[in-house]
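Note that these values count all heavy atoms, side chains included, but never hydrogens, waters or copies made by symmetry. Numbering starts at 1 and runs along the sequence shown. Keep in mind the model is a prediction, meaning the values are calculated, not measured.
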Amino acid sequence: MDAKRVVELLYWRDLKTTGVVFGATLLLLLSLTICSIVSVSSYVGLALLSVTISFRIYKGILQAIQKSDEGHPFKQYLDQEVALSEDMVHKYSDMILTKLNKSIGELRRLFLVEDLVDSIKFAVLMWILTYVGALFNGLTLLILGLVGAFSCPIIYEKHQVQIDHYLALVNNQIKDVIGKIQAKVPGLKRKAE
């Protein structure tokens with residue numbers, strides 16, 4: 001899925017498609033909060049099989065009653081190629097490898113304190129995440145992230161002027177506080193970028 005299609009999905013350009021994707025993903029995540037992934041996978045598989053088997057039997061009965069020879073109802077899908085091409089696998093594995101190597105390098109830089117300010121920011125983030133982890137489990141965070149991903153872009157699009165105004169105010173306040181802290185604490189002054 002290319003970036004343009006993801007943006008169209010998150011901005012609700014096609015209500016039907018976005019609703020199906022959002023609803024199915026949210027239902028899956030909510031199901032995982034109640035049942036294990038094995039149970040959810042089994043139930044989804046059983047539901048899909050129930051639909052396809054019922055449709056196949058229905059079409060078979062219709063063909064017998066109408067004495068037609070339409071063949072297998074899913075023939076067009078059975079004839080399609082579903083294998084992943086080597087080029088696609090190499091492309092995405094190279095992309096993942098590049099991002100993974102960049103992340104490892106960044107973590108090394110942070111943990112080995114190449115830049116004191118960045119390492120302190122990372123430590124503060126980890127400290128905050130300990131409290132987030134105590135309040136929410138991973139699935140709850142995924143559900144909140146999904147709802148945010150599908151609602152924040154459209155809210156921002158509709159109220160962009162007001163949001164930008166308040167974000168600029170907050171950003172200026174944060175810069176002032178960081179400047180004051182860096183001025184008072186020795187060793188925290190940033191290098192010229």
Side-chain angles (χ1 to χ4, degrees), residues 1-33 35-53 55-56 71-115 117-119 121-126 128-129 132-133 136-158 160 163-164 167 193:
M1 184 178 260
D2 61 353
K4 184 178 181 231
R5 290 178 63 192
V6 171
V7 169
E8 288 178 357
L9 194 68
L10 294 179
Y11 278 93
W12 295 77
R13 300 293 186 239
D14 180 7
L15 290 177
K16 188 182 215 182
T17 305
T18 301
V20 167
V21 170
F22 176 66
T25 309
L26 187 61
L27 181 65
L28 175 70
L29 290 175
L30 289 173
S31 300
L32 287 173
T33 61
C35 302
S36 71
I37 193 163
V38 174
S39 297
V40 171
S41 300
S42 298
Y43 286 131
V44 168
L46 280 172
L48 186 61
L49 276 172
S50 298
V51 170
T52 55
I53 289 171
F55 186 72
R56 171 82 194 272
H72 197 287
F74 299 116
K75 181 154 180 52
Q76 70 182 28
Y77 301 111
L78 290 170
D79 292 341
Q80 288 180 349
E81 182 66 32
V82 292
L84 295 173
S85 69
E86 284 187 42
D87 293 337
M88 184 183 291
V89 171
H90 286 298
K91 174 185 167 188
Y92 287 108
S93 62
D94 289 345
M95 242 174 29
I96 290 170
L97 182 63
T98 302
K99 290 183 188 275
L100 183 64
N101 285 334
K102 186 177 178 183
S103 299
I104 290 171
E106 184 65 19
L107 287 172
R108 179 189 67 193
R109 188 181 78 75
L110 290 169
F111 280 109
L112 298 179
V113 195
E114 183 178 307
D115 183 358
V117 174
D118 286 344
S119 293
K121 286 179 189 176
F122 185 65
V124 169
L125 175 67
M126 292 295 109
I128 291 170
L129 287 178
V132 171
F136 304 106
N137 67 20
L139 279 174
T140 305
L141 291 175
L142 281 175
I143 291 169
L144 291 173
L146 177 75
V147 171
F150 277 90
S151 58
C152 289
I154 196 73
I155 291 170
Y156 178 73
E157 187 177 58
K158 289 184 179 183
Q160 184 174 0
I163 292 172
D164 284 346
L167 282 178
E193 296 181 24

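- Taking CG from L142 and CG from N137, the interatomic distance works out to 9.0 Å, rounded to the nearest 0.5 Å.
- What you find for G148 and P153 is that their closest heavy atoms are O-CD, 3.7 Å.
- One distance of note links CG of D94 with OG1 of T98; it measures 6.5 Å at 0.5 Å rounding.
- At most 12 heavy atoms of other shown residues, nucleotides or ligands fall within 6.0 angstrom of atom CE in M88.
- Put simply, the side chain of I154 reaches to within 4.5 Å of the side chain of E157, judged on heavy atoms.
- One N or O on the side chain of T18 and one on the backbone of L9 form a donor-acceptor pair closer than 3.5 Å.
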E106 vs K102, salt bridge (Lys or Arg N to Asp or Glu O under 4.0 Å): CA-CA, chis, key distance, verdict: CA-CA 6 Å; E106 184 65 19; K102 186 177 178 183; over 6 Å; no

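- Side-chain contact between R109 and D115 is present, with at least one heavy-atom pair separated by less than 4.5 Å.
- Heavy-atom minimum distance, P73 versus F55: CB-CE2, 3.7 Å.
- Interatomic distance, Q80 CD to F74 CZ, rounded to the nearest 0.5 Å: 12.5 Å.
- Judged purely by distance below 3.5 Å, without hydrogens or angles, the side chains of S42 and S39 never pair a donor atom with an acceptor atom.
- Within a 6.0 Å radius of CD in Q160, more than 12 heavy atoms belonging to other residues, nucleotides or ligands are found.
- In this structure, L110 and D118 approach most closely via the heavy-atom pair CD2-O, 3.6 Å.
- Summarising the geometry, atom NE2 belonging to H72 is positioned 5.5 Å from atom CG belonging to L78; distances are rounded to the nearest 0.5 Å.
- The CD1 atom of I96 sits 12.0 Å away from atom CG of N101, with the distance rounded to the nearest 0.5 Å.
- Here OH of Y11 is found 10.0 Å from SG of C152. Values are rounded to the nearest 0.5 Å.
- Side-chain contact between L26 and F150 is absent, with no heavy-atom pair separated by less than 4.5 Å.
- In summary, D87 and K91 do not engage in a salt bridge, as defined by a charged side-chain N under 4.0 Å from a carboxylate O.
- Distance alone, capped at 3.5 Å, is enough to place a donor-acceptor pair between the T33 side chain and the L30 backbone.
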Please report the C-alpha distance between V82 and Y77 in whole Å, then the side-chain angles of each, then the deciding distance to 0.1 Å, and finally whether the side chain to side chain contact (heavy atoms under 4.5 Å, CB included) criterion is met. CA-CA 9 Å; V82 292; Y77 301 111; over 6 Å; no

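- For the pairing with F22, the side-chain contact (heavy atoms from CB on, under 4.5 Å) check across V147, T17, L10, L27 returns one residue only, V147.
- Nearest approach of E114 to S119, heavy atoms of both residues: N-OG, 4.4 Å.
- Annotation: I37, atom CD1; neighbour count of heavy atoms from other residues, nucleotides and ligands within 6.0 Å does not exceed 12.
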